[in-house]
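A note on names: the letters A, B, ... follow the listed sequences, proteins ahead of strands, and every chain is numbered from 1. Scope of the values below: all heavy atoms of this structure, side chains included, with no hydrogens, waters or symmetry mates.
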Amino acid sequence: MKDAAYERVKLARDNHRPTGLDYIKNIFQGFMEFHGDRCYSDDPAIVGGIATLGKNPVTVIAIEKGHTAKERSYRNFGAPHPEGYRKALRLMKQAEKFGRPIICFIDTSGAYCGVGAEERGQGQAIAENLMEMSTLCVPVISILIGEGGSGGALALAVADRVWMLQNAVYSVISPEGCASILWKDSGKAETAAASLKLTAEDAKSLGVIERILSEKELGKKEFYDRIRTLLVKEIKTLTNDFDLVGNRYNRFRSLGVSAVVKE
Amino acid sequence: MALIKFLKPKNQLEEGGRTSAPVQRDDGEPEKNCPNCHKDIPISRLWANDLVCPCGYHFRVKARQRIQMITDKDSFYEMYSGLKSDNPLNFPGYKNKIKTVRKASGEEEAVICGVATIGRKKCCLFVMEPYFMMGSMGSAVGEKITALFEYGIEQRLPVIGFTVSGGARMQEGLLSLMQMAKTSAAVKRHSDAGLLYIAVLTDPTTGGVSASFAMEADIILAEPGATVGFAGARVIEQTTRKSLPKGFQKSEFVLEHGFIDSIVPRTGQKRYLAELLKLHDGRAIL
Ligand SMILES: [Zn+2]
């Protein structure tokens, strides 16, 4: 059981897993990528644009890790800078304006830790996304496809539906970070992984996600077709929700309530 | 996000909230050594100056002491005081840890919420507690702050918040992460209702709190010399293998980069906040 959680972490980090762009290319048609945050630069760690899902236009945003060494370095290993989060928000606001549903694919060990990221307001950028996403008046679905590293992942996951791949993980801190802080021993990452309850099953039982996506035929046509079908169906449901924003508020409002006791 | 544990305490005042073994002067008056100017300052003098050294160094202050410093006398009415985090994940060691912290700090949780008047203007107030796991944000902290913003909407009151936090409380796992989204949504509702929110960032305001409600205020103030940042300085150094710029993540540095409205020394904060409340009292009718 202890090892099982850490096995998931390893699987979630596996270089051979499909990355954000693989999902975009295989689920949607005619993806047009849009660049830049209109403030500072274009962050290659986050990819976004418009595509067609079934018959309707949608805005798609993905954290991209890359496959080859060169790609991975170009994508900064999927660790976004503030510009990435600001680009994502810009595209989400655009989607809202034109009534397009938003679909986010999340795969990051966390928002980038660096001097430039701090100087340009990493915390503020994430905070702004959390705040603004909470009232977007179009359907938002976020799918964790690999690593869901803390605030850097949550910044694209204030959604009406959050789904996780079977072997994706979602955590407040990396198991290594947790182990080194709590037990001054990053070698205890396996214990930390089990304690943090970061697997898809854990997240579902905590009410943090709605659905676990099977990894049967991962990366194959059938796999993507299955996700496409689920997305089309769910967007239809959400489009008919007359209190979309209110329900999204309540979704997050309820999280953690049962963990609070009264004297 | 790398959650960081707060580096070594910078002064003895930070340990457990009590003044630990101050130096005794010949005439019996206890003194504190200031980590900035290295002078021994009589405790009574520090207290008379809101725990600010004559050199300008801001000592860390307990939430309840801060409430006394900021609010009109006897005006503070505490809310949600009974709420506290359980151990939702049965995280190893958490139960004992939190028990010890509760005993040492005399607080149930890492934030105190309520209503008060400042310069006779009514507001909702939350003050985070540095002596409670360094203001770590768990489910109860998120719940209390969210409830306070909701109360603010209901009563049409501004919210003033003093932040101090090392980030999300990892012992509550994903539930603590979700408090970032939950509080942010409540801040947004309060904001959309046309109501004022002022945050005062105190040392340190980092991690998940700096990536949620601390950075979402209409007016963001900070104490001089406070550490304000998302990732821990040590983690950044390890990741980038570069030395950090001078004054990195200090409030002055963050102001220079455009993320803070103003730095307000503690001794002037009450007057400053009272003036802001007054200026926002009653919305303009066009
Ligand atoms: Zn001094």
Inset, instruction - Report yes or no: does K182(B) contribute a side-chain atom to a donor-acceptor pair with the main-chain N or O of R253(A) at less than 3.5 Å? - result: yes
Legend entry - From OG1 (T146(B)) to OH (Y249(A)), nearest 0.5 Å: 6.0 Å
Legend entry - Heavy-atom side-chain contact between C178(A) and F91(B) under 4.5 Å: yes
Inset, instruction - Could you tell me the separation between the CG atom of N129(A) and the OG atom of S184(B), rounded to the nearest 0.5 Å? - result: 10.0 Å
Inset, instruction - Supply the atom-to-atom distance I173(A) CD1 to R169(B) CZ, rounded to the nearest 0.5 angstrom. - result: 14.0 Å
Inset, instruction - Side chain from CB out, backbone as N, CA, C, O: work out which of these in E108(B) comes under 4.5 Å of a heavy atom of chain A, or both, or neither. - result: side chain
Legend entry - Pairs of heavy atoms under 4.5 Å with chain A: top-ranked of Q171(B), E172(B), R189(B): R189(B)
Inset, instruction - Could you tell me which non-hydrogen atom of F259(B) sits nearest to which non-hydrogen atom of E119(A), and how far apart they are? - result: CE1-O, 3.3 Å
Inset, instruction - Answer with side chain, backbone, both or neither: which region of R120(A) has an atom nearer than 4.5 Å to a non-hydrogen atom of chain B? - result: backbone
Inset, instruction - Against chain B, work out which of M131(A), K262(A), K197(A) has the most heavy-atom pairs shorter than 4.5 Å and name it. - result: M131(A)
Legend entry - L244(B) side chain near V115(A) side chain, heavy-atom distance below 4.5 Å: yes
Inset, instruction - Kindly say whether L255(A) contributes a backbone atom to a donor-acceptor pair with the side chain of Q179(B) at under 3.5 angstrom? - result: yes
Inset, instruction - Could you tell me which non-hydrogen atom of A168(B) sits nearest to which non-hydrogen atom of V172(A), and how far apart they are? - result: CB-CG2, 3.6 Å
Legend entry - Closest heavy-atom pair and its distance - M180(B), G151(A): CE-CA, 4.1 Å
Inset, instruction - Please flag which part of A186(B) lies under 4.5 Å from any non-hydrogen atom of chain A: side chain, backbone, both or neither. - result: both
Legend entry - Set of side chain to side chain donor-acceptor pair (under 3.5 Å) partners for T202(B), sequence neighbours left out: none
Legend entry - Which atoms of F253(B) approach chain A - backbone, side chain, both or neither, heavy atom under 4.5 Å: side chain
Legend entry - Inter-residue atom distance M170(B).CE - S174(A).OG, 0.5 Å rounding: 10.0 Å
Legend entry - Over 12 non-hydrogen atoms of neighbours within 6.0 angstrom of NZ in K93(A): yes
Legend entry - Largest heavy-atom contact set with chain B, pairs under 4.5 Å, which of V158(A), L198(A), L182(A), T108(A): L182(A)
Legend entry - For the student: nearest non-hydrogen atoms of S171(A) and L177(B), plus distance: O-CD2, 4.1 Å
Legend entry - Non-hydrogen atoms of S139(B) and G256(A) that approach each other most closely: CB-O, 3.5 Å
Legend entry - Segment of E109(B) engaging chain A (4.5 angstrom heavy-atom cut-off): neither
Legend entry - Check: V257(A) and E143(B) side chains under 4.5 Å, non-hydrogen atoms: yes
Inset, instruction - For chain A, find which of K242(B), E237(B), E216(B), Q249(B) contributes the most heavy-atom pairs closer than 4.5 angstrom. - result: E216(B)
Inset, instruction - Quick one: closest heavy-atom pair of L175(B) and A259(A), and the distance? - result: CD1-CB, 4.1 Å
Inset, instruction - Counting only heavy atoms closer than 4.5 Å, note whether E256(B) contacts chain A via side chain, backbone, both or neither. - result: neither
Legend entry - Which portion of N90(B) sits near chain A, non-hydrogen atoms under 4.5 angstrom: neither
Legend entry - Any L174(B) side-chain heavy atom under 4.5 Å of D202(A) side chain: no
Inset, instruction - Side-chain contact test, heavy atoms from C-beta onward, threshold under 4.5 Å: evaluate it for T183(B) versus L130(A) and give yes or no. - result: no
Legend entry - M178(B) side, atom CE; L154(A) side, atom CG - distance, nearest 0.5 Å: 5.0 Å
